[in-house]
Amino acid sequence: MAAGFLLVWFSFFILLFSTISVAKIAPTFPSSIIRPEQLLLSTKHQLYKTKYFTQTLDHFNFNPQSYQTFQQRYLINDTYWGGAHKNAPIFVYTGNEGEIEWFAQNTGFMFETAPHFKALLVFIEHRFYGKSVPFGGEKVVAYSNTSTLGYLSSTQALADYATLIIDLKKNLTATESPVVVFGGSYGGMLAAWFRLKYPHITIGALASSSPILNFVNLTSPYSFNDIITRDFRSESENCYKVIKSSWQQIGDTAKQPGGLHMLRKSFRICKNYIDADSLKNWLYTAYAYTAMTDYPTPSSFLSPLPAYPVKQMCKAIDNPTTGNDTFAKLYGAANVYYNHSGTATCFNLADDSDPHDLSGWSWQACTEMIMPTDGNNKESIFPASEWHYEDRVAYCKFHFDIEPRPNWITTEFGGHDIHMVLKSFGSNIIFFNGLRDPWSGGGVLKNISKSIVAIVAKEGAHHVDLRFSSKEDPQWLKDVRKQEVKIIAKWISQYYYDLAHFSA
Ligand SMILES: *[C@@H]1O[C@H](CO)[C@@H](O)[C@H](O)[C@H]1NC(C)=O
Ligand SMILES: *[C@@H]1O[C@H](CO)[C@@H](O)[C@H](O)[C@H]1NC(C)=O
Ligand SMILES: *[C@@H]1O[C@H](CO)[C@@H](O)[C@H](O)[C@H]1NC(C)=O
Ligand SMILES: *[C@@H]1O[C@H](CO)[C@@H](O)[C@H](O)[C@H]1NC(C)=O
Ligand SMILES: *[C@@H]1O[C@H](CO)[C@@H](O)[C@H](O)[C@H]1NC(C)=O
Ligand SMILES: *[C@@H]1O[C@H](CO)[C@@H](O)[C@H](O)[C@H]1NC(C)=O
Ligand SMILES: *[C@@H]1O[C@H](CO)[C@@H](O)[C@H](O)[C@H]1NC(C)=O
């Protein structure tokens with residue numbers, strides 16, 4: 001296959017490039033998907049106060065430079081808190097690979113359950129993202145080379161969270177308040193790992209759509225695109241076939257005289273750079289993110305979308321309104337993702353804006369987060385291709401001059417034989433997964449023990465449980481949230497019981 005989609009993305013971040021030549025790196029950020037106008041949402045309601053904490057640069061070293069510090073941002077909401085005197089709980093969101101306000105604004109579950117639990121809400125930003133940037137808060141310096149980027153890792157982030165939580169509890173004289181951690185996607189992985197590594201700091205974790213098993217030699221590199229394929233194919237066989245056959249057609253058209261011009265016209269692409277690969281990447285992004293956020297109600301997480309957007313895309317393909325040729329159908333489908341608001345005048349394939357500051361993920365994907373997602377078997381809705389670890393290595397060498405450590409995460413946090421291992425070791429973790437979410441293939445889908453529970457929603461997408469609720473939510477989603485609340489309540493009451501009976 002000529003041009004593969006080598007996908008190094010995480011929750012919201014795709015990094016694509018052609019596998020032919022590493023030097024020819026396509027737009028690293030297809031953020032035409034993330035619209036700046038969404039940021040306006042944040043200013044409408046005050047949901048929290050912003051604070052900063054002086055954090056240690058390197059928790060795992062005692063050489064002089066490790067003692068440097070940086071300002072770590074966290075958000076706090078004490079409106080519902082029952083207070084330290086009551087040992088009322090503290091809910092902490094373990095921030096992901098982006099600025100923390102975006103995640104806080106999309107984690108309605110914590111705001112909506114806080115009154116019931118009388119919980120204090122805290123959202124901690126991950127180092128190197130948003131405003132929590134080491135080396136004086138200057139991104140250009142912090143991201144300048146491997147010596148500075150070296151401090152960006154999941155283990156450092158977890159140690160930051162531990163340090164900050166302990167200090168915050170001390171300041172609030174709330175040392176006996178139970179802490180529950182929450183997270184979605186990479187943040188969910190961090191929440192689960194935090195519970196395993198820091199059981200003295202948190203009593204339990206809600207890890208939503210956290211693909212802790214999506215690592216090399218643990219989850220098939222085909223599973224991600226298999227699930228996207230299933231999402232579309234189960235909507236309609238025609239929809240699947242039209243998309244599947246289109247890749248060849250796009251490639252062939254691009255090679256004809258005037259072909260690129262025709263493609264640009266068909267897809268109403270702005271008069272800037274276009275080639276067949278960038279168009280394919282642009283379409284891939286639309287399908288993949290739509291599958292990820294195939295929510296039952298309208299959303300505006302990655303991009304403003306209608307309810308059940310995969311269904312809407314297939315509708316655009318099955319009942320086209322602008323023409324009956326393949327490109328007209330695909331154009332209709334792309335409109336669902338890129339133009340739900342109806343305000344796009346043309347589509348900018350070269351858009352590399354990054355309003356949520358997600359770009360640090362490419363470093364993480366080149367060091368420890370080797371999460372294979374872009375294999376495609378014969379049946380895939382995308383062109384067949386194999387996943388090769390060597391492609392990742394080549395990219396990382398080129399981009400950062402660094403060699404990944406593909407097995408570090410499973411060495412540090414485990415993953416192999418997870419059911420057997422955690423059955424006799426861990427406790428109090430909820431793994432939520434929605435099976436429409438392509439990341440669910442790397443999630444924990446089976447119950448491990450009485451207190452390490454897998455909640456699996458056939459109809460669910462990427463951390464749908466954490467979203468703000470709405471009147472239109474289907475019953476299965478209400479039930480999921482109810483079950484999560486019940487389990488968390490059990491952890492907390494067990495904690496109070498133990499505190500009364502066993503603490504010295
Ligand atoms: C906490 O969140 C609620 C919304 O759930 C909001 O009404 C309130 O103003 C917030 N409190 C603070 C201190 O920001
Ligand atoms: C890396 O970047 C930092 C900050 O810009 C600089 O001080 C340092 O000399 C650089 N190191 C190397 C090895 O280039
Ligand atoms: C705790 O209080 C100290 C002293 O005021 C302050 O420097 C520190 O940032 C506070 N910790 C947190 C987590 O806010
Ligand atoms: C995955 O497993 C295969 C077969 O055991 C092995 O050859 C390969 O090195 C492993 N990959 C990594 C990145 O460890
Ligand atoms: C597509 O073809 C069908 C059947 O041939 C026809 O009914 C429909 O009007 C056509 N749609 C467009 C947009 O041309
Ligand atoms: C976006 O949608 C609106 C409303 O349907 C339409 O008028 C406009 O042409 C679309 N933009 C593009 C680039 O197709
Ligand atoms: C795990 O156990 C809970 C009950 O504790 C149950 O509701 C849930 O369906 C089980 N999950 C799976 C994937 O079987």
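Since the structure is predicted, the reported quantities are computational estimates derived from the model, not experimental observations. Values reported hereafter were calculated over all heavy atoms of this structure, with side chains retained and with hydrogens, waters and symmetry mates removed. As the structure lists them, so they are numbered: ligands from 1, and atoms in each ligand from 1.
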Check the pair T202, N428 against side-chain contact (heavy atoms from CB on, under 4.5 Å), reporting the backbone distance first and the verdict last. CA-CA 10 Å; T202 185; N428 293 4; over 6 Å; no
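Residue P320 has at least one heavy-atom neighbour below 4.0 Å for each of these atoms of ligand 5: 13 (C). Interface of V141 with ligand 2, defined as ligand atoms under 4.0 Å from a residue heavy atom, comprises 4 (C), 5 (O). Interface atoms of ligand 5 facing G323, defined by a heavy-atom separation under 4.0 Å, are 13 (C).
When the options G136, S144, G150, S147 are ranked by their closest heavy atom to atom 4 (C) of ligand 2, first place goes to S144. Among N145, T148, L149, the residue whose heavy atom sits closest to atom 1 (C) of ligand 2 is N145.
Using modelled atom types, one finds a donor on one side chain and an acceptor on the other under 3.5 Å when comparing Y48 with Q105. Judged by distance alone, the side chains of N238 and S236 never bring a donor and an acceptor atom under 3.5 Å apart. When only modelled atom types and interatomic distance are considered, R195 and S427 share a side-chain donor-acceptor pair under 3.5 Å.
For the pair Y74/I165, no side-chain contact is recorded, criterion being any heavy-atom separation below 4.5 Å from C-beta on.
Annotation: W282 is in aromatic contact with Y338 [ring centroid separation under 6.0 Å].
With E125 contributing its side chain and S132 its backbone, the two residues share a donor-acceptor pair below 3.5 Å.
Under a cutoff of 6.0 Å and an axis angle of 45°, R467 and Y295 form a cation-pi pair.
At least one heavy atom of D167 sits less than 4.0 Å from an atom of ligand 3.
Ligand 3 has no nitrogen or oxygen under 3.5 angstrom from a nitrogen or oxygen of T54.
The shortest contact between atom 14 (O) of ligand 5 and any protein heavy atom is with N324 ND2, 3.5 Å. Of all protein heavy atoms, the one closest to atom 12 (C) of ligand 3 is Y74 OH, 3.4 Å. When only non-hydrogen protein atoms are considered, atom 3 (C) of ligand 3 lies nearest to N171 ND2, 3.6 Å.
The nearest protein heavy atom to atom 9 (O) of ligand 5 is not closer than 4.0 Å.
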